[in-house]
Amino acid sequence: MRSRRRCAHIIIRPIGVSSGTDALLAILMALGIGRGDAVITTPYTFFATAGCIARVGARPLFADIDRETCNIRPSAIQECIEKTCQPDASGAWKTKNGEKLRAMIPVHLFGLCCEMEALHKIAERYRLVLIEDAAQAIGAEFPFPERTAKAGTMGDAGLFSFYPSKNIGAAGDAGMVVCQDDELAQKLRTFREHGMEPRYFHHFIGGNFRLDEIQAAVLAVKLPHLETWAAARRAAADFYGAELARARLTEKIAVPAEPYRERGLTNHHVYHQYVIRTPMRDALREHLSKREIDTAIYYPLGLHEQKCFAYLGYKKGDFPETERAARETLALPIYPEISRDAQRYVVSAIAEFFS
Ligand SMILES: *Cc1c(COP(=O)(O)O)cnc(C)c1O
């Protein structure tokens, strides 16, 4: 793979696919990741991230999150590798069960980029393919010392979701892979059509991961608004922050961390979700629900505690920050058109709860 640091002339190759899930599945298949391999990711994400790793036959390895950002913590990845893997004679890192550590999939959760500089170093040190799950973070930026980079373009491949609830939503399911490597892009294009090229000649076993034309048409109309809508979400987040501080609620609840705010980026956060934290989360949620305020919990359970992943052998207590986040986080209503009155109503209801 080309060096990720030499990026003067980045050519992004977009490949429209049927969903964010299928985008990740296609990436893993095209990279030949499967049985006998292991892939590191976060246990605090939408199921699809780890689900796809398992579906191709690889083992998901989890590393805990950072308390402030809820993104995967680079030092936790390092610890996970050093504790559970060993290099073989060829220098490839293997798990205790002999699986080869192939890739890592950081997730830019809620619209905030992971610490990509640190993740690049880890990817290089352990020779890992870096796949960005940017399903929630289209347009989000990360400040490298020498340049600003966009979510999805900082690794070997990235994926976006256009599920209707995402920052840019189609009318149904849709997704996209982006990568810089032309060969990989070509392969992905054939993988989304059963590995077929030309018609009825199959080089690989791919799938039907095609982007529906109706969805493509909807996206063509909506994509030009990406920046405006991201700015509107950020303005809404700023307003929540200011109102919560004014009501002295920031002593009672934690508001989203903005680690890149002062770094001169436009999209230091794209606020797919505005997530607050309090140990009284469940009671607060019930109170807000009585005031007809819809909130959501992303996510109520770490993936290491999901029934379907019991075979991985993790147990409660393995990822304390993930488990804590699962108990404390609450997503407030946020979308580009949200009115300041609606936001004031939300903040006053939170104030009422804590009074
Ligand atoms: C939504 C989402 C996906 C999957 O995208 P779909 O288009 O719903 O298949 C994957 N990862 C994360 C983090 C997501 O939020």
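None of the values given here were measured: they were computed from a predicted structure. Note that ligands are numbered from 1 as they come in the structure, with each ligand's atoms numbered from 1 the same way.
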Checklist entry - Looking only at heavy atoms, which two atoms of Ile131 and Pro106 are closest? And how far apart? => result O-CD, 3.0 Å

Checklist outcome for this item: Contacts of Arg324 meeting side chain to side chain contact (heavy atoms under 4.5 Å, CB included) (sequence neighbours excluded), chain-then-number -> Arg67, Arg277, Glu321, Arg327, Glu328

Checklist entry - Strictly under 6.0 Å, is that where the ring centroids of Phe62 and Tyr44 end up? => result no

Next on the checklist: To the nearest 0.5 Å, what is the distance between CD on Gln136 and CZ on Phe160?
Outcome noted: 12.5 Å

Which side-chain N or O atoms in residues 47-57 pair as donor and acceptor under 3.5 Å with protein atoms at least two apart or in another chain?
{"residue": "Thr49", "atom": "OG1", "partner": "Thr45", "partner atom": "OG1", "Å": "2.9"}
{"residue": "Thr49", "atom": "OG1", "partner": "Phe46", "partner atom": "O", "Å": "3.3"}
{"residue": "Thr49", "atom": "OG1", "partner": "Asp133", "partner atom": "OD2", "Å": "2.9"}

Checklist outcome for this item: Residues pairing under side-chain hydrogen bond (donor to acceptor under 3.5 Å, both in side chains) where one sits in residues 106-116, two or more places apart or in two chains, turn out to be His108-Glu132

Could you check ligand 1 for N or O atoms lying under 3.5 Å from protein N or O atoms and list the pairs with distances?
{"residue": "ligand 1", "atom": "5 (O)", "partner": "Ser161", "partner atom": "OG", "Å": "3.3"}
{"residue": "ligand 1", "atom": "7 (O)", "partner": "Gly20", "partner atom": "N", "Å": "2.8"}
{"residue": "ligand 1", "atom": "7 (O)", "partner": "Ser161", "partner atom": "OG", "Å": "2.6"}
{"residue": "ligand 1", "atom": "9 (O)", "partner": "Gly20", "partner atom": "N", "Å": "3.4"}
{"residue": "ligand 1", "atom": "9 (O)", "partner": "Thr21", "partner atom": "N", "Å": "2.8"}
{"residue": "ligand 1", "atom": "9 (O)", "partner": "Thr21", "partner atom": "OG1", "Å": "2.5"}
{"residue": "ligand 1", "atom": "11 (N)", "partner": "Asp133", "partner atom": "OD1", "Å": "3.3"}
{"residue": "ligand 1", "atom": "11 (N)", "partner": "Asp133", "partner atom": "OD2", "Å": "2.7"}
{"residue": "ligand 1", "atom": "15 (O)", "partner": "Gln136", "partner atom": "NE2", "Å": "2.9"}
{"residue": "ligand 1", "atom": "15 (O)", "partner": "Lys166", "partner atom": "NZ", "Å": "2.9"}

